[in-house]
Amino acid sequence: REKTKQWLDIACERAGQREASPEAFKLKQLFSKQEWKQLTNDFRRDLGREFSYAVSKGRIDNVRCVGKSQEHHNLYLKS
């Protein structure tokens with residue numbers, strides 16, 4: 001649980017630092033390929049749920065969920 005919180009804090013910080021853009025992003029785009037690959041599928045799923053919840057509760061300024069990708073990953077927009 002603590003590990004999830006650490007990764008969630010990183011994701012939230014990086015999402016908040018993104019430039020406003022009309023192009024949507026996925027959670028995994030907030031991490032390097034190396035960082036993302038070291039996480040298990042179950043951990044990524046849990047992190048995705050936690051990140052989605054954080055976005056829905058307004059924890060990250062100007063970031064909102066705008067739908068899902070063809071792979072069923074949430075898409076986020078920074079405005």
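In this text the structure is predicted, and so the values were computed from the model without any measurement.
- A continuous path of hydrophobic side-chain contacts links Ile10 to Tyr76 [ILVMFWY only; heavy atoms under 4.5 Å].
- Taking the side chain as every heavy atom from C-beta outward, Val63 and Leu77 never approach each other to under 4.5 Å.
- If you check the side chains of Gln34 and Ser32, you find no donor sitting under 3.5 Å from an acceptor.
- Closest heavy-atom contact between Glu35 and Arg14: OE1-NH1, 2.9 Å.
- Hydrophobic clustering, with ILVMFWY side chains joined whenever heavy atoms are under 4.5 angstrom apart, groups Leu27 together with Leu39.
- Within the 4.5 Å cutoff, the side chain of Lys26 has heavy atoms near those of the Glu71 side chain.
- By the 30° and 60° cut-offs, the orientation of the rings of Phe51 relative to Phe25 is perpendicular.
- Distance check, rounded to the nearest 0.5 Å: CD of Gln38 to NZ of Lys33 gives 15.5 Å.
- Side chains of Leu8 and Arg59 form a contact here, defined as non-hydrogen atoms less than 4.5 Å apart.
- With a 4.5 Å cut-off on side-chain heavy atoms, Trp7 and Glu50 do not count as touching.
- Summarising the local packing, CD of Gln17 is surrounded by more than 12 heavy atoms from other residues, nucleotides or ligands at distances under 6.0 Å.
- Taking every heavy atom of both residues into account, Ala11 and Leu30 meet most closely at O-CD1, 3.5 Å.
- Here the straight-line distance linking atom CD of Gln29 with atom CZ of Arg18 works out to 6.5 Å at 0.5 Å rounding.
- Proximity of Asp9 to Gln6: side-chain heavy atoms (C-beta onward) are nowhere separated by under 4.5 Å.
- Considering every non-hydrogen atom in both Ser79 and Ala20, the closest pair reads C-CB, 3.7 Å.
- The closest side-chain heavy-atom distance from Leu47 to Trp36 is below 4.5 Å.
- Within the 3.5 Å criterion, the main-chain N or O of Val55 finds no donor-acceptor partner in the side chain of Arg64.
- In this structure, His73 NE2 and Lys68 NZ are separated by 9.0 Å, a value rounded to the nearest 0.5 Å.
- Between Ile60 and Glu13 the shortest side-chain heavy-atom distance does not fall below 4.5 Å.
- Between the side chains of Lys78 and Asn62, no donor-acceptor pair is found at a separation under 3.5 Å.
- Residues Ser52 and Asn74 come closest through the heavy atom pair OG-ND2, 3.3 Å.
- Around the OH atom of Tyr53, the shell of radius 6.0 Å holds no more than 12 heavy atoms that belong to other residues, nucleotides or ligands.
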